[in-house]
Amino acid sequence: MNAMRLSLKAEQLPDNLSALRNAIERKVPVGFEMHKQIKAKASTLAPLDKRLKLITDKHPALKRMLRHFDSTWQKQIGTLGGGNHFIELCLDENNDVWIMLHSGSRGLGNVIGTYFIERAKKEAQSRFGHVPDKDLSYFAEGSNSFDDYFEAVEWAQEYAYENRREMMRLILEAIRPLLPSFQMTKEAINCHHNYVQKELHFGEEVFVTRKGAIRAGTDEYGIIPGSMGAKSFIVKGKGNPDSFCSCSHGAGRKMSRSKAKNLFSQQDLIAQTEGIECRKDKGVVDEIPSAYKDIDEVMANQTDLIEVVHTLKQVMCIKG
């Protein structure tokens, strides 16, 4: 997740936001699309490329699985992807304008995860002879595979971070000609979710996996999005030790994509996204607000973990 406040007020936005949405979509490829040419700076790409080669040199099978990405990962930096990834223009309680986006490692993290899961299953079989449930397979801390996996996950997290940073740069570049002159304020947040990190808790160094969660350490800023027809929140962590300094990363789905497509129509989507500049076709019915949990209830259930700093209302949403 990445969010940035601009020095613009709601009244400075055009009445019709379609031109802004079109300008961003021309700059930032969505879905399976990528840039035709590399957009990211060499200073960004070189460290990522070096680390990836070190990882794949030790794991030829992973290198083969990533072959599809060899010629594409650099062109994918600064792209949105699909699913629940989004770019939004929002207004806060003071009518200040925010840009918020959600994206990830663009398929690379999935390939890395798939490779190491299969490796863990094979190693568990070799270690124990019989594993009652292969999904309980794991790497022993201190083993080469454990260290290699953690290094690969860190690489995917760094890639996702750079992807979001480049996307934000392209979004700002797209909207500047269409808006009054503006600056970025000091409030800018870039936070991971669905990741692993080594941290100190209860006097011990542990590996914390935050699945569907973000870090919410004392006074640390985070982003908790709702659905594209609801609202989102900029929050500050309370450092709750029992949660390992974590909180929910968003509303979360209450039904599968297939169920949402069966239950709701295009007309339902249009009604639930009234007043928001966004796609309203059948292709995004699975992202309809009713497919997600009530964000107000989600927030009410974690008041011991975070405090709300800003409440954001979406006025424009781009989905992959």
Side-chain angles (χ1 to χ4, degrees), residues 1-2 17-18 21-22 24-25 28-34 68 76 79-90 100-114 117-118 133-135 160 163-164 167 192-195 209-214 223-233 247-302 311-320:
M1 294 288 305
N2 195 352
L17 299 175
S18 61
R21 180 161 77 94
N22 292 336
I24 294 171
E25 288 177 341
V28 180
V30 303
F32 294 106
E33 299 297 319
M34 69 184 78
H68 169 68
Q76 284 183 322
T79 66
L80 182 61
N84 63 349
H85 293 170
F86 62 76
I87 299 168
E88 291 183 341
L89 202 64
C90 305
M100 183 168 67
L101 61 87
H102 169 213
S103 188
S105 53
R106 301 296 285 106
L108 289 160
N110 180 271
V111 173
I112 288 169
T114 299
I117 286 170
E118 291 307 309
D133 187 338
K134 290 183 178 180
D135 288 336
N163 180 44
R164 294 192 297 270
M167 230 188 310
H192 290 306
H193 65 248
N194 298 348
Y195 72 108
T209 298
R210 292 188 173 93
K211 174 62 179 172
I214 62 172
I223 308 164
I224 302 179
S227 69
M228 67 184 194
K231 50 192 170 185
S232 301
F233 299 88
C247 71
S248 165
H249 93 288
R253 301 188 69 90
K254 66 180 180 184
M255 66 181 70
S256 67
R257 295 185 181 279
S258 57
K259 185 175 180 180
K261 288 178 180 178
N262 289 332
L263 275 181
F264 300 106
S265 67
Q266 184 180 359
Q267 289 306 312
D268 293 324
L269 176 66
I270 291 171
Q272 291 186 28
T273 57
E274 185 179 0
I276 301 171
E277 172 60 40
C278 63
R279 282 179 61 187
K280 300 177 189 284
D281 57 83
K282 292 181 180 179
V284 290
V285 168
D286 57 332
E287 283 293 307
I288 193 169
S290 287
Y292 284 83
K293 297 172 186 174
D294 182 344
I295 188 62
D296 287 320
E297 184 178 347
V298 171
M299 297 301 291
N301 288 335
Q302 54 182 342
T311 300
L312 308 184
K313 181 69 180 77
Q314 298 90 331
V315 291
M316 184 201 75
C317 179
I318 295 170
K319 285 280 185 181

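Sequential numbering from 1 along the given sequence is applied to the chain's residues. All values derive from a computational prediction rather than experimental measurement.
- Using a distance-only test at 3.5 Å, with no hydrogens or angles considered, a donor-acceptor pair links the side chain of Ser248 to the main chain of Gly250.
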Could you give me the CA-CA distance, side-chain angles and deciding distance for Asn84 and Arg257, then say whether side-chain contact (heavy atoms from CB on, under 4.5 Å) is met? CA-CA 10 Å; Asn84 63 349; Arg257 295 185 181 279; 3.9 Å; yes
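- Val28 approaches Leu80 most closely through the heavy-atom pair CG1-N, 4.0 Å.
- Between Ala251 and Gly226, the shortest heavy-atom contact is CB-CA, 4.1 Å.
- Closest of all the heavy-atom pairs between Met228 and Ile276 is O-CD1, 3.0 Å.
- We find the NZ-CZ distance between Lys259 and Phe264 to be 9.0 Å, quoted to the nearest 0.5 Å.
- Taken to the nearest 0.5 Å, the NE2 atom of His85 stands 14.5 Å off from the CD1 atom of Ile318.
- Considering CD of Gln267 and CD of Gln272, their distance stands at 12.0 Å, rounded to 0.5 Å.
- Here Lys254 does not pair with Asp294 in a salt bridge; the nearest charged N to carboxylate O distance is not below 4.0 Å.
- Within the 4.5 Å cutoff, the side chain of His102 has no heavy atoms near those of the Pro225 side chain.
- Atoms CE and SG, on Met299 and Cys247 in that order, are 7.5 Å from each other to the nearest 0.5 Å.
- For the pair Ile224/Gln302, a side-chain contact is recorded, criterion being any heavy-atom separation below 4.5 Å from C-beta on.
- Once rounded to the nearest 0.5 Å, the distance linking OG of Ser290 with CG of Leu269 reads 10.0 Å.
- Closest approach of Arg253 to Met255, counting heavy atoms only: NE-O, 3.0 Å.
- Ring-plane geometry between His193 and His249 is classed as tilted, the angle between the planes lying from 30 to 60 degrees on a 0 to 90 degree scale.
- At least one side-chain heavy atom of Arg106 sits less than 4.5 Å from a side-chain heavy atom of Asn163.
- Checked against Cys317 for a side chain to side chain contact (heavy atoms under 4.5 Å, CB included), the options Cys90, Cys278, Ser227 give a single hit: Cys278.
- Residues Ala291 and Ala260 share a closest heavy-atom pair of CB-CB, 4.0 Å.
- Between Glu88 and the choices Met100, Glu277, Lys313, the side chain to side chain contact (heavy atoms under 4.5 Å, CB included) rule is met once, by Met100.
- Looking at every heavy atom in both residues, Met167 comes nearest to Ile87 through SD-CD1, 4.2 Å.
- Taking CG of Leu89 as the reference point, atom CG of Leu101 lies at 12.0 Å (rounded to 0.5 Å).
- With a 4.5 Å cut-off on side-chain heavy atoms, Ser265 and Val285 do not count as touching.
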Determine whether Lys280 and Glu274 satisfy the following criterion, side-chain contact (heavy atoms from CB on, under 4.5 Å), listing intermediate values before the conclusion. CA-CA 10 Å; Lys280 300 177 189 284; Glu274 185 179 0; 5.9 Å; no
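- The existence of a salt bridge linking Lys319 and Glu25 is excluded, since no basic side-chain nitrogen approaches an acidic carboxylate oxygen closer than 4.0 Å.
- Looking only at side-chain heavy atoms (C-beta outward), Lys231 and Asp296 come within less than 4.5 Å of each other.
- Enclosure of atom CD in Glu33 is not indicated, since only 12 or fewer non-hydrogen atoms of other residues, nucleotides or ligands lie within 6.0 angstrom.
- Under the 3.5 Å distance criterion, the side-chain polar atoms of Asn194 are matched with a main-chain donor or acceptor of Gly212.
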